[in-house]
Amino acid sequence: MIAAQLLAYYFTELKDDQVKRIDKYLYSMRFSDETLLDITHRFRRELVEGLGRDTNPTAALKMLPTFVRSIPDGSAFDHVAECLGDFMEKHDIKDKRLPVGFTFSFPCQQSKLDEGYLVTWTKRFKASGVEGNDVVQLLNKAIKKRGDYEADIMAVVNDTVGTMMTCGFDDQRCEVGIIIGTGTNACYMEELRYIDLVEGDEGRMCVNTEWGAFGDDGQLEDIRTEFDREIDRGSLNPGKQLFEKMVSGMYMGELVRLILVKMAREGLLFEGRITPELLTKGKIETKHISAMEKNKEGLTRTKEILTKLGVEPSDDDCVAVQHVCAIVSFRSASLIAATLAGILLRLKENKHVARLRTTVGIDGSLYKMHPHYARRLHKTVRRLVPDSDVRFLLSESGSGKGAAMVTAVAYRLAEQSRQIAQTLAEFRLTTEQLLEVKKRMRIEIENGLSKSTQDVATVKMLPTFVRSTPDGTENGDFLALDLGGTNFRVLLVKIRSGKRRSVEMHNKIYAIPLEVMQGTGEELFDHIVHCISDFLDYMGMKSARLPLGFTFSFPCQQTSLDAGILVTWTKGFKATDCEGEDVVGLLREAIKRREEFDLDVVAIVNDTVGTMMTCAYEEPTCEIGLIAGTGSNACYMEEMRNVEMVEGNEGQMCVNMEWGAFGDNGCLDDFRTEYDHAVDDLSLNPGKQRYEKMCSGMYLGEIVRNILIDLTKRGFLFRGQISETLKTRGIFETKFLSQIESDRLALLQVRSILQHLGLDSTCDDSIIVKEVCGAVSHRAAQLCGAGMAAVVDKIRENRGLESLNVTVGVDGTLYKLHPHFSQIMHQTVKELAPQCDVNFLLSEDGSGKGAALITAVGCRMRSEMNGK
């Protein structure tokens with residue numbers, strides 16, 4: 001009995017001595033908690049660099065966005081396609097087009113779920129022609145090449161992400177995924193606002209850390225041993241994946257073998273015996289380490305494994321080798337614990353909680369098969385992050401079930417995108433459709449010009465009695481009045497001809513009180529004359545009888561240059577005894593009543609014509625005016641022989657098209673959507689100005705709002721909640737559309753505009769809203785371009801020309817402020833009227849300067865007539 005106890009004591013002492021000797025020999029592979037926390041700190045620093053836009057290119061941790069935003073509520077590819085085909089045949093599903101999730105466990109740069117560019121091969125893969133290419137495209141190509149089945153690759157999924165998703169299905173708290181097997185990696189749910197590589201700041205996105213590359217920038221040099229360096233030198237990718245080479249199953253057996261070789265050479269093992277087997281790379285595998293470290297039969301298994309290597313181990317050797325394995329695997333668990341601690345601390349900070357409660361989904365052969373690995377990892381993590389309750393959940397087929405879950409989400413999102421695209425498809429007009437709009441506009445132009453059809457024509461083609469554009473000889477001082485809203489402008493415009501041709505302007509703005517707007521006509525025109533009197537006093541010009549141009553932006557039927565009968569008041573004006581009257585006559589009577597000064601009222605002016613005249617003064621080829629702002633209208637110089645409503649065939653006359661009413665006879669009904677109908681039905685003038693309601697700033701926002709309501713009802717926007725704000729008519733002004741569509745505006749700023757409007761939106765909502773705004777404004781610009789193409793081709797044909805060079809004077813906030821409207825409109829005109837070279841010139845103050853120029857041309861032509 002005593003002898004047995006002595007033997008046991010002797011063996012324990014021997015074992016303890018051997019363990020201490022190994023500990024001393026491999027002291028650089030054993031880490032204190034202090035060292036591990038330092039590694040955690042380094043990892044967190046690298047993690048932040050990987051998330052930053054400026055620092056990502058040089059960061060070791062690539063922190064690749066996966067575009068998975070929530071946990072669930074070459075020749076190689078020919079082979080993959082072949083395997084997929086065989087599988088589908090076996091399960092009799094080859095005739096079905098199923099959504100496919102592609103688990104691809106290599107570092108990929110993703111910009112969306114169904115795209116992944118391989119950054120670099122790892123795990124000894126080296127297939128050529130794949131790095132830098134989209135693996136989804138390569139697989140699709142291979143499937144197409146086979147040609148015997150079809151599949152929709154909806155998502156490329158990293159196996160780490162699949163692990164997290166699988167565990168997330170069972171435990172909603174799961175927000176980290178880890179693989180510890182042949183390779184190693186981790187992913188976790190990061191706040192979107194910290195991921196610089198992806199637009200948006202709302203919600204979270206899963207980030208694939210690719211932590212195997214931790215240390216590739218030299219961060220781990222002080223803890224790498226000579227054995228780590230030797231493994232790296234002999235690998236397929238020297239200098240890469242250094243952390244993975246220290247901790248993963250692919251390299252663990254080789255690490256142990258290199259240590260045993262060195263110890264044997266130094267006479268510390270196997271009495272210095274070194275066999276060819278021991279010197280052969282890959283002879284010790286990770287599964288051997290797991291076997292040698294088992295509690296009961298570990299030493300027996302160690303002896304068997306070492307005997308196969310031909311080293312004739314003693315009991316002492318077996319104890320030593322078992323302890324070498326323990327140190328190597330313990331180091332792996334400790335380093336993984338340190339990096340995982342970095343992720344957990346990041347989550348804790350992001351959530352602003354005193355104690356973190358979370359679940360880590362975990363998979364991989366090393367974690368699952370090694371007898372002590374999991375326990376060591378858990379214990380070390382809890383020591384390094386004491387303020388946390390971490391549950392480790394073993395994943396069940398992360399690369400299969402998890403990929404299917406990501407694919408299911410991707411399929412739902414793709415279906416949603418398809419339905420949104422279908423809704424907006426009505427706003428995307430083809431060249432054929434636009435040519436049809438152009439053709440119909442031309443028909444309506446002819447109807448408006450012809451005496452026999454003018455009464456029933458929707459495009460009224462009103463004669464303006466402006467018979468010429470400026471020729472540069474205009475000279476003198478002119479007054480201009482601009483009445484078009486709650487403010488009224490009086491201007492003095494000094495036009496000088498000759499070599500130093502110039503236009504100098506002075507103006508004053510006067511308010512029109514509501515009681516005057518809605519009082520009697522006499523009161524309104526007396527107020528206007530009072531303002532003119534004040535302005536003439538201000539300029540010291542009361543004694544001069546100045547020629548005057550009156551911009552009167554209300555529907556008028558002109559009978560001469562200086563006579564216009566008000567058809568109806570708009571824009572909130574309701575002054576009595578004006579409708580059906582000549583507004584120039586009303587102005588002249590008010591001037592007489594005042595008995596202070598006299599003015600020569602030469603012209604009543606439409607702002608569209610003023611726009612053309614202003615540009616024509618700078619550019620003689622300008623013969624067209626266009627307003628693309630709150631409203632939409634155009635005018636152009638028509639041949640007198642075609643203007644049947646006015647006597648005479650000689651020369652030209654500017655025609656005010658009033659094209660906003662195009663379509664009021666139903667000729668555009670096949671282009672109008674349900675949203676156009678809704679906007680029209682709820683407008684102040686249902687059934688009127690239908691073309692204007694499709695392409696002017698006053699209505700575009702309303703079309704957008706109606707589409708957004710529909711998409712929200714269908715659950716695609718604003719979490720399916722229609723807010724009171726969204727129900728409010730007129731909330732989307734043109735300026736918001738212009739801001740939202742700006743290329744320089746990040747989604748974050750789009751979201752801030754929507755929130756300013758009282759719409760609680762996510763970044764996904766912002767993307768959809770931006771798309772809707774784009775579709776509506778694109779159609780508006782195309783429709784406007786189709787109308788303009790009809791006008792320029794009409795002018796070209798009037799003159800019997802093969803080609804026409806003409807300039808359009810343009811004004812209006814939509815044209816000037818919207819980031820894409822002008823460009824799309826120009827392109828449309830170019831495509832629909834290829835025989836016309838059309839230039840666009842921005843007008844400067846058409847209603848002021850333009851009115852003065854019309855007056856100046858009127859005076860010039862009057863003198864010419866009198867001279868004859």
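Index from 1, following the sequence.
Gln823 CD: 12 or fewer foreign heavy atoms inside a 6.0 Å radius. Within 6.0 Å of NZ in Lys688 there are 12 or fewer heavy atoms belonging to other residues, nucleotides or ligands.
Of all the heavy atoms in Leu841 and Glu619, the pair that sits closest is CD2-CB, 3.8 Å. Ser502 and Tyr617 make their closest contact through O-OH, 3.8 Å (heavy atoms, listed as atom of the first residue, atom of the second, distance). Taking each heavy atom of Cys773 and Ile740 in turn, the nearest pair found is SG-CG2, 4.0 Å. A pairwise comparison of heavy atoms in Val601 and Asp562 identifies O-CB, 3.7 Å as the closest pair. The minimum heavy-atom distance linking Ala575 with Leu524 is given by the pair CB-CD2, 4.0 Å. Shown here for Trp659 and Gly787, the closest heavy-atom pair between the two residues is CZ3-C, 3.5 Å.
Of the inter-residue distances, the one linking Cys615 atom SG with Asp811 atom CG reads 8.0 Å to the nearest 0.5 angstrom. In this structure, Phe525 CZ and Asp577 CG are separated by 11.5 Å, a value rounded to the nearest 0.5 Å. Rounding to the nearest 0.5 angstrom, the gap separating the OG atom in Ser822 from the CG atom in Leu817 is 10.5 Å.
Under the 4.5 Å side-chain criterion, counting only non-hydrogen atoms from C-beta, Phe736 is not in contact with Val704. With a 4.5 Å cut-off on side-chain heavy atoms, Gln422 and Arg418 count as touching. Counting heavy atoms from C-beta outward, Met645 and Lys451 have side chains that approach closer than 4.5 Å. Annotation: side chain of Asn642 is in contact with side chain of Lys794 (closest heavy-atom distance under 4.5 Å). Counting heavy atoms from C-beta outward, Met694 and Phe671 have side chains that approach closer than 4.5 Å. Here the side chains of Val776 and Tyr675 are not in contact, with every heavy-atom distance at 4.5 Å or above. Using a 4.5 Å heavy-atom threshold, the side chains of Asn447 and Val459 count as separate. In this structure the side chain of Ile707 reaches within 4.5 angstrom of the side chain of Ile703, judged on heavy atoms.
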What do the steps show when you test Lys460 against Val567 for side chain to side chain contact (heavy atoms under 4.5 Å, CB included), and what is the final call? CA-CA 13 Å; Lys460 284 296 179 191; Val567 178; over 6 Å; no
Derivation of the side chain to side chain contact (heavy atoms under 4.5 Å, CB included) call for Ile795 and Met637: CA-CA 8 Å; Ile795 295 173; Met637 297 302 290; over 6 Å; no
Would Met441 and Met657 count as a side chain to side chain contact (heavy atoms under 4.5 Å, CB included) here? Give the steps. CA-CA 11 Å; Met441 174 67 91; Met657 295 177 69; 4.3 Å; yes
Side chain to side chain contact (heavy atoms under 4.5 Å, CB included), that's the test. Do Met698 and Gln689 meet it? Break it down for me. CA-CA 12 Å; Met698 179 177 267; Gln689 301 293 102; over 6 Å; no
Could you walk me through whether Glu436 and Arg440 pass salt bridge (charged side-chain N to carboxylate O under 4.0 Å, His left out), step by step? CA-CA 6 Å; Glu436 187 58 36; Arg440 294 179 199 180; 3.0 Å; yes
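A donor-acceptor contact shorter than 3.5 Å is absent between the side chain of Glu581 and the backbone of Val583. In this structure, His527 contributes its side chain and Val516 its backbone to no donor-acceptor pair below 3.5 Å. Glu444 places no side-chain N or O within donor-acceptor distance of the main-chain N or O of Ala457, the cut-off being under 3.5 Å. In this structure a side-chain-to-backbone donor-acceptor pair under 3.5 Å is missing from Ser632 to Ala628. Distance alone, capped at 3.5 Å, is enough to place a donor-acceptor pair between the Gln835 side chain and the Glu802 backbone.
The existence of a salt bridge linking Asp477 and Arg496 is confirmed by a sub-4.0 Å separation between a basic side-chain nitrogen and an acidic carboxylate oxygen. Between Arg799 and Glu623, at least one side-chain nitrogen of the basic residue sits less than 4.0 Å from a carboxylate oxygen of the acidic one, meeting the salt-bridge criterion. Ion pairing between Arg690 and Asp676 fails under the 4.0 Å rule for side-chain N and carboxylate O.
Residues passing the salt bridge (charged side-chain N to carboxylate O under 4.0 Å, His left out) test with Glu618, sequence neighbours excluded: Lys849. Qualifying salt bridge (charged side-chain N to carboxylate O under 4.0 Å, His left out) partners for Glu831, counting only residues two or more places apart in sequence or in other chains: none. For the side chain to side chain donor-acceptor pair (under 3.5 Å) test, residues two or more places apart in sequence or in another chain that qualify with Asp680 are Arg672, Lys693. Glu771 meets the side chain to side chain donor-acceptor pair (under 3.5 Å) test with no other residue; sequence neighbours excluded.
In this pair, Phe821 and Tyr815 present their aromatic rings perpendicular. The plane angle is above 60°, beyond the 30 to 60° band.
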Under 3.5 Å, sequence neighbours excluded: what are the donor-acceptor pairs made by side chains of residues 603-614?
unit_1 : atom_1 : unit_2 : atom_2 : d
Asn606 : OD1    : Thr608 : N      : 2.8
Asn606 : OD1    : Thr608 : OG1    : 2.9
Thr608 : OG1    : Asn633 : ND2    : 3.3
Thr611 : OG1    : Asp607 : O      : 3.0
Thr614 : OG1    : Gly610 : O      : 2.8
Thr614 : OG1    : Gly850 : N      : 3.3

Under 3.5 Å donor-acceptor pairs involving side-chain atoms of residues 461-470, not counting sequence neighbours:
unit_1 : atom_1 : unit_2 : atom_2 : d
Thr464 : OG1    : Val466 : N      : 3.2
Thr464 : OG1    : Cys654 : O      : 2.6
Ser468 : OG     : Arg860 : NH2    : 3.2

